[in-house]
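In what follows, chains are A, B, ... by sequence order, proteins preceding strands, each numbered from 1. As a basis for the values below, the full set of heavy atoms in this structure was taken, side chains included, without hydrogen atoms, waters or symmetry mates.
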Number of protein chains: 2
Amino acid sequence: MRKEIKKNAALELNPNVSVDCVIFGFDFDKLNVLVINRDGVDGVQWALPGNLIYDDEHLDQAANRVLAELTGLQHIYLEQIGAFGDPNRISKESDRSWLQSIRTQPEARVITVAYFSLVKMEDYQPQASSFAKSAEWIPVNEIRELAFDHFDILQTAKSRLKQMIKIRPIGFNLLPEKFTLSQLHKLYESILDKPLDKRNFRRKIQKLNIVMSLEEKQSGVPHKPSQLFMFDKEHYLLLTQNGFDNFGF
Amino acid sequence: MRKEIKKNAALELNPNVSVDCVIFGFDFDKLNVLVINRDGVDGVQWALPGNLIYDDEHLDQAANRVLAELTGLQHIYLEQIGAFGDPNRISKESDRSWLQSIRTQPEARVITVAYFSLVKMEDYQPQASSFAKSAEWIPVNEIRELAFDHFDILQTAKSRLKQMIKIRPIGFNLLPEKFTLSQLHKLYESILDKPLDKRNFRRKIQKLNIVMSLEEKQSGVPHKPSQLFMFDKEHYLLLTQNGFDNFGF
DNA sequence: TTTGAAAGTGTTAAAATGACACAAAGAGCA
DNA sequence: TGCTCTTTGTGTCATTTTAACACTTTCAAA
């Protein structure tokens, strides 16, 4: 069904505008990014999920569609990072030959609009998905190279994430519904890339009143079990209405 | 000379990608935006300075070129806001007819990449410029409508400006080299759109050590003359090196 | 000389920050 | 049963930062 639509509309692909998605996930230890493995290129060559937009499509819609087509991920809030458009962005030979194989106008100048989002890794196992045999989580810090200008895009996404985590509680998107404060703590340290004092962190997050503690505890862990918490969305919405704008870590 | 280049390259205009610039200025009282008056449209219709990019042109370069062509402003640091690309952005009839008159492919889907910058109003008087007979400063708060989706772009630029003023001392771009603390104070109030306590503001700005007081004072004013200050760029650069990231007003 | 208008200045109470160390709880194993 | 290992969870204090608040000074113009 989806493929049908895609083929019919293929003539309307806009050869000059693409979208790329930076999807972050957290494995309770470090940040990861979802990348796809390009077929037909020798050596491993990762790329962000992305493709051309259709001519009558909203940019945001295009990003969601492309992400779904390439990875199966759906119904995700994607936030725009910005436009990237170096006319020489296709400098590597591998990029060029790959484009030859998939694009009708491989030489066209392309502006790409980048998006990012945060997802719970547990909700999405690429290997298990029939869609995304070639999609894979890779630790952000291990990435040295990506196709096209995707490495630049990733760096921009990282710094945007750093800014945003200080302003909005986006981190909760990266954790399961029930989580421990230690996990949240580790998450903030991963994103901000610096250690945060445990006690001060807990004090601050609790004062914000955006987490509510559950009755439940961790079980089966070989140490003192941790209290479980949930994100308190209502309380957060109240805060935002009163002109709240700083998580200040 | 410039026109020559422009005409020769005209065939290479990319019909799908444009740039638009939001230029803020401060008149010691309120924020203003530089807009251009479209010819041949009945009634007053303002638009942000913008146009299509050339196919081999960096986005940032395109923004600078278009701004210079339409207003004469040059050598300005333009910061990207993001891409705007509603496929229905050309909804108004006046927009449509205007495009008919200036574009070779007036119906093409256009993605626009928006930029913003801050300039000293005293440095730029559109009326006096031979270029920009149609360019004009308009108080931001008086703008109710702009061409295309330019009003949206302006709103986004405003909120981006609000964020950024808390992180970097961009405000100094809006003031003359020598300024008074009251002017700076008013500027921050204009951008943040809320009153700031005079004494607290001055204390805070002085503690940052990014202004240096001059020996000079205002003269000719019918009240106690104000001390003049300069932005201390060196000191600011030192601050940034030490991982400084908050002006926190 | 008087008037009007903006500049400039200090204190205090409340809140936020950063630094820091040890007891409690559970699993696993001998 | 008790020992070990590992992570959780908690409080205080000194320092800094914030917010609220009012009166005197200086100049030009009338």
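Between B:Ser226 and C:dA6, a side-chain N or O to OP1/OP2 separation shorter than 4.0 Å is absent. When the side-chain nitrogen and oxygen atoms of A:Lys204 are compared with OP1 and OP2 of C:dT17, one or more of them lie within a distance under 4.0 Å. One finds no side-chain N or O of A:Arg199 lying less than 4.0 angstrom from the OP1 or OP2 phosphate oxygen of D:dG9.
In the interface, the side chain of B:Lys198 is paired with the base of C:dG8 through a donor and an acceptor atom under 3.5 Å apart. For A:Arg203 against C:dA16, a side-chain-to-base donor-acceptor contact under 3.5 Å is absent.
As a whole-Å value, the separation of B:Lys207 NZ from C:dG10 C1' is 14 Å. Between the CZ atom of A:Phe28 and the P atom of D:dT8 there is a distance of 13 Å, given to the nearest Å. Rounding to whole angstrom units, CG of residue B:Asp197 and P of C:dT11 are separated by 16 Å. One interatomic measurement links the two molecules: CD of B:Gln227 to P of D:dC27, which rounds to 12 Å at whole-angstrom precision. Taking atom CZ of residue A:Arg202 and atom P of nucleotide C:dG18, one finds them 18 Å apart after rounding to whole Å. A:Asn200 has its CG atom 16 Å from the P atom of D:dG9, to the nearest Å. The NZ atom of A:Lys217 sits 7 Å away from the P atom of D:dG9 (whole-angstrom rounding). To the nearest angstrom, C1' of D:dT6 lies 7 Å from NE2 of A:His223.
With DNA chain C read from its 5' end, the first of the two nearest nucleotides for B:Phe229 and B:Pro222 is the one closest to B:Pro222. In terms of position on DNA chain D, the residue among A:Thr180 and B:Pro225 whose nearest nucleotide sits closer to the 5' end is A:Thr180.
Within the 4.5 Å cutoff, no side-chain heavy atoms of B:Val119 are placed close to those of B:Leu174. Taking the side chain as every heavy atom from C-beta outward, A:Pro126 and A:Trp137 approach each other to under 4.5 Å.
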Practice problem: Go through A:Tyr115 and A:Asp60 one step at a time and tell me if the side-chain hydrogen bond (donor to acceptor under 3.5 Å, both in side chains) criterion holds. | Solution: CA-CA 8 Å; A:Tyr115 285 81; A:Asp60 298 1; 2.5 Å; yes
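The pair B:Glu142-B:Lys30 fails the salt-bridge criterion, with no side-chain N (NZ, NE, NH1 or NH2) lying under 4.0 Å from an Asp/Glu carboxylate O.
As judged by a 4.0 angstrom heavy-atom cut-off over every strand, A:Gln218 is placed among residues making no nucleic acid contact. Using a 4.0 Å heavy-atom criterion, one finds that A:Ser182 contacts the sugar-phosphate atoms exclusively.
Looking at A:Phe26, A:Phe231, A:Phe28, A:Phe172 one by one, the single match for ring-ring contact (aromatic ring centres under 6.0 Å, His included) with A:Phe179 turns out to be A:Phe172.
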